[in-house]
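Positions are given from 1, in the same order as the sequence printed here.
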Amino acid sequence: MVDNDSNKRRRLVEFKDGCRYGKFGKTKAYELIAHERIRAYKMGGKTMIDLDSVDEYHASLPRLEARAS
């Protein structure tokens, strides 16, 4: 865990664990990172994914509306 300026702790996990948590593959993860939908950081040679940004991404997804029969 890493502290940021607002004294809130970031929930950073390794790339593969972030993909598992987010229920997406590595290609989708890189796409989301490139489009700034989720945040990622480098720690040494490892890419770390911010789980709070994954939660924010999931919350931003549109709700599926049921069709009337």
Could you walk me through whether Arg39 and Glu56 pass the side-chain contact (heavy atoms from CB on, under 4.5 Å) check?
-> CA-CA 10 Å; Arg39 291 181 297 278; Glu56 292 166 9; 3.3 Å; yes

Among all residues two or more places apart in sequence or in another chain, which pass the salt bridge (Lys or Arg N to Asp or Glu O under 4.0 Å) test with Arg37?
-> none

Mind checking salt bridge (Lys or Arg N to Asp or Glu O under 4.0 Å) for Asp52 and listing every partner two or more places apart, or none if nothing turns up?
-> Lys8, Arg11

When hydrophobic residues are tied together by side-chain contacts of less than 4.5 Å, even through go-betweens, does Met48 share a cluster with Val13?
-> no

Measure the shortest side-chain to side-chain distance between Tyr21 and Val54 over non-hydrogen atoms and say whether it is less than 4.5 angstrom.
-> yes

Taking only residues two or more places apart in sequence or in another chain, which ones pass salt bridge (Lys or Arg N to Asp or Glu O under 4.0 Å) with Lys46?
-> Glu14

Can you list the residues that meet the side-chain hydrogen bond (donor to acceptor under 3.5 Å, both in side chains) rule with Ser53, with sequence neighbours excluded?
-> none

Quick one: are Asp50 and Ile38 in side-chain contact, heavy atoms under 4.5 Å?
-> no

Side-chain donor-acceptor pairs of residues 22-33 under 3.5 Å, sequence neighbours excluded:
residue : atom : partner : partner atom : Å
Lys28   : NZ   : Glu31   : OE2          : 3.2

Salt bridge (charged side-chain N to carboxylate O under 4.0 Å, His left out): which pairs involve residues 58-69, sequence neighbours left out?
-> none

Do you know the tightest heavy-atom contact between Ala40 and Thr47?
-> CB-CG2, 4.0 Å

Only pairs at least two apart or in different chains count here, so list each ring pair (Phe, Tyr, Trp, His ring centres under 6.0 Å) that has a residue in residues 37-69.
-> none

